[in-house]
Structures are given as C-alpha cells and as structure tokens.
A.B. asks: 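Here it is: the structure, laid out below.
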Amino acid sequence: RKEVEQDPGPFNVPEGATVAFNCTYSNSASQSFFWYRQDCRKEPKLLMSVYSSGNEDGRFTAQLNRASQYISLLIRDSKLSDSATYLCVVSLNTGGFKTIFGAGTRLFVKA
Amino acid sequence: DAGVTQSPTHLIKTRGQQVTLRCSPKSGHDTVSWYQQALGQGPQFIFQYYEEEERQRGNFPDRFSGHQFPNYSSELNVNALLLGDSALYLCASSQLRGTHQDTQYFGPGTRLTVL
C-alpha cells in the first residue's frame with residue numbers, strides 16, 4: 001500500500017464546475033498536511049495547508065479527517081487557470097522531517 | 001528576496017558517471033530537502049539536511065549522498081549513474097521551529113538525463 005494515495009485522474013471538467021480531490025495516508029503519526037499545485041515542467045507550489053477544522057481560501061476548501069486518515073480538496077467555479085496537477089502531501093517527524101507526496105491528480109479545465 | 005535556486009537547470013550524463021547538483025535555500029531557511037521526480041509521478045523524498053547533518057532519509061541507495069554547508073546551501077551527489085536516475089531533482093527549503101517544520105518552498109529543479 002502506498003503511503004499517500006490519490007485519485008488517479010485525470011479529471012476533465014468544464015469551466016465553472018466544482019471538482020473534488022481525495023487523498024488517503026497510511027501513517028497515523030503524520031503531523032502536517034498540504035495540497036501543492038504543480039504546473040507542467042514546473043516545481044510544486046504550496047496551494048494550502050490542511051487542518052482538522054477545515055480551511056478555505058477563496059474558491060478552494062481543504063479538509064482533514066484524522067480518524068479516517070483522509071484529506072480532501074474542493075475547487076469551486078473552476079477556471080481554465082486551475083488546470084494543473086494537484087499533489088497531496090503529508091509530513092511526519094521521525095527524528096527528522098519526512099515529507100511524502102502522492103502521485104498527483106491531473107486536472108484539465110476546458111472552456 | 002531570492003527564492004530557492006538550483007544549478008544546473010539541465011544536465012546530461014552517461015551511465016556510470018557521477019553528478020553533483022546544487023541548491024541555495026530561500027533566505028532565512030535552515031533546512032534543505034531533496035526529491036526525485038520521475039515523469040508522471042509525485043516527488044520522492046531522498047533526504048533532508050539540517051545543521052549540516054542528514055536528519056532523515058527516504059528509500060534511496062547509498063549512491064545518493066549529500067552535504068549541507070555552513071551557509072545552509074546543499075549538494076546532492078549521485079554516483080554510478082543508472083538510466084533510471086533520469087528525473088527532475090527538486091530541492092526544497094524550510095525553517096525548523098522546534099518540532100515543527102514550516103512550509104517547504106521548492107526550487108525550479110535540475111533535469112538530469114542519463115544516457
């Protein structure tokens with residue numbers, strides 16, 4: 001079983017659609033959770049951190065369920081510029097910090 | 001304020017050769033992590049350096065080694081290159097605050113091709 005698993009994708013959606021990404025992690029000792037965005041042939045960039053209380057940043061909402069070891073990202077009113085790969089990221093402290101990325105879910109938003 | 005920088009941007013090597021990749025962290029950051037990203041995959045954690053020591057390591061063979069300098073910059077060395085080492089190598093910097101690691105910021109990466 002992979003340490004961080006994401007929906008395989010790709011997701012193809014029209015502009016204005018709502019799209020949800022799901023992610024599960026296997027290590028219950030995981031401490032920090034993030035969603036990163038990666039454009040083609042570019043470096044990953046932080047989209048948002050994820051907290052148990054849930055957090056929202058404009059059209060983006062992230063949620064963490066520690067009991068189920070599940071992370072989600074919701075994008076409302078999709079824009080063409082949202083087309084990218086979305087990476088679920090988990091970090092844990094085992095004497096040093098180890099950061100584990102999911103394989104990513106590719107999103108295509110079409111006009 | 002310069003972000004994370006990496007050099008070189010591209011590199012072509014042949015099997016069996018050795019390569020050194022370099023990273024300068026974002027100003028104020030003291031921790032550097034290295035990742036390997038194969039095409040179509042997420043980044044895979046190689047190791048993390050803090051206070052000039054390797055603090056955490058992923059599932060990579062000893063051919064992968066690193067170093068952190070007093071100015072927090074870092075090098076990744078790969079010996080005896082294999083075709084499968086062809087990938088984008090990403091460096092990320094962050095700041096450690098006690099038992100908490102702040103957000104990691106990534107450099108643009110070095111694309112390594114092994115022929």
Side-chain angles (χ1 to χ4, degrees), chain A residues 1-10 21-27 29-51 55 57 62 71 73 84-108, chain B residues 3-6 9-10 21 23 25-26 29-60 66 68 87-111 113:
Chain A
R1 181 185 174 189
K2 291 183 180 178
E3 293 180 277
V4 177
E5 294 203 60
Q6 296 186 237
D7 294 328
F21 298 114
N22 302 309
C23 171
T24 57
Y25 59 95
S26 61
N27 192 327
S30 299
Q31 297 174 298
S32 304
F33 309 88
F34 310 91
W35 284 101
Y36 275 73
R37 169 193 169 129
Q38 187 172 27
D39 293 293
C40 190
R41 303 184 74 82
K42 298 285 189 180
E43 73 273 20
K45 292 186 177 179
L46 179 68
L47 181 64
M48 56 199 308
S49 301
V50 189
Y51 307 108
N55 48 308
D57 182 4
I71 307 163
L73 175 68
T85 296
Y86 290 83
L87 296 158
C88 176
V89 183
V90 169
S91 181
L92 62 158
N93 186 346
T94 57
F97 284 91
K98 181 179 179 182
T99 302
I100 305 160
F101 281 74
T105 303
R106 189 82 170 90
L107 172 66
F108 294 95
Chain B
V4 180
T5 60
Q6 291 186 242
T9 54
H10 295 83
L21 310 181
C23 171
K26 185 177 169 64
H29 286 184
D30 54 13
T31 303
V32 172
S33 300
W34 286 92
Y35 297 83
Q36 180 194 67
Q37 186 174 24
L39 204 59
Q41 301 296 316
Q44 298 295 306
F45 176 75
I46 302 175
F47 41 53
Q48 182 182 74
Y49 276 83
Y50 173 68
E51 292 186 335
E52 303 180 48
E53 290 187 11
E54 183 182 295
R55 299 291 180 161
Q56 185 64 260
R57 189 177 182 93
N59 296 323
F60 279 80
Q68 186 179 35
L88 178 67
Y89 288 84
L90 294 160
C91 167
S93 74
S94 58
Q95 186 170 16
L96 279 182
R97 300 179 190 272
T99 59
H100 174 74
Q101 177 180 249
D102 279 352
T103 300
Q104 292 187 75
Y105 291 84
F106 283 82
T110 295
R111 191 164 296 281
T113 301

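Letters A, B, ... are given to chains in the order of the sequence lines, protein chains preceding strands, and every chain is numbered from 1. The structure presented is a predicted model; accordingly, all values stated were derived computationally and were not measured.
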A.B. asks: Among G58(B), S33(B), G107(B), which residue forms the greatest number of heavy-atom pairs with chain A at distances under 4.5 Å?
C.D. replies: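 Top option by heavy-atom pairs under 4.5 Å: G107(B).
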A.B. asks: Can you pull out every salt bridge (charged side-chain N to carboxylate O under 4.0 Å, His left out) where at least one residue sits in residues 34-43 of chain B? Sequence neighbours excluded, please.
C.D. replies: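 Sorted pair list comes back empty.
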A.B. asks: Taking side chain as everything from C-beta outward and backbone as N, CA, C, O, which of these in L46(A) sits under 4.5 Å from a heavy atom of chain B? Side chain, backbone, both or neither.
C.D. replies: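 Just its side chain gets close to chain B.
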A.B. asks: After noting the C-alpha distance and the side-chain angles of R41(A) and R111(B), does the key distance pass the side-chain contact (heavy atoms from CB on, under 4.5 Å) rule?
C.D. replies: CA-CA 10 Å; R41(A) 303 184 74 82; R111(B) 191 164 296 281; 3.3 Å; yes
A.B. asks: Measure the spacing between CG of N59(B) and NZ of K98(A) and express it to the nearest 0.5 Å.
C.D. replies: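 One gets 5.5 Å once the value is rounded to the nearest 0.5 Å.
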A.B. asks: Run the side chain to side chain contact (heavy atoms under 4.5 Å, CB included) test against T99(A) and tell me which residues pass, sequence neighbours left out.
C.D. replies: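 So T99(A) forms a side chain to side chain contact (heavy atoms under 4.5 Å, CB included) with V89(A), S91(A), F101(A), Y35(B), Q101(B), Q104(B).
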A.B. asks: How close do G42(B) and L87(A) get, heavy atom to heavy atom, and via which atoms?
C.D. replies: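 So the minimum-distance heavy-atom pair works out to CA-CD2, 4.1 Å.
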A.B. asks: With a 4.5 Å heavy-atom cut-off, do Q37(B) and Q38(A) have their side chains touching?
C.D. replies: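 Result yes, sub-4.5 Å side-chain heavy-atom pair found.
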A.B. asks: Report, in residue-number order, which members of residues 49-57 of chain B are under 4.5 Å from chain A by heavy-atom distance.
C.D. replies: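 Residues R55(B), Q56(B) are the ones that qualify, each having a heavy atom under 4.5 Å from chain A.
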A.B. asks: Restricting to salt bridge (charged side-chain N to carboxylate O under 4.0 Å, His left out), what partner residues turn up for D39(A), sequence neighbours left out?
C.D. replies: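 Partners of D39(A) under the salt bridge (charged side-chain N to carboxylate O under 4.0 Å, His left out) test: R37(A).
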A.B. asks: Given that the side chain runs from C-beta out, which part of R106(A) has a heavy atom under 4.5 Å from chain B: side chain, backbone, both or neither?
C.D. replies: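 Nothing of R106(A), per the 4.5 Å heavy-atom cut-off to chain B.
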A.B. asks: What heavy-atom pair brings L90(B) and P44(A) nearest, and what distance separates the two atoms?
C.D. replies: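 Where L90(B) meets P44(A) most closely, the heavy atoms are CD1-CD, 3.8 Å.
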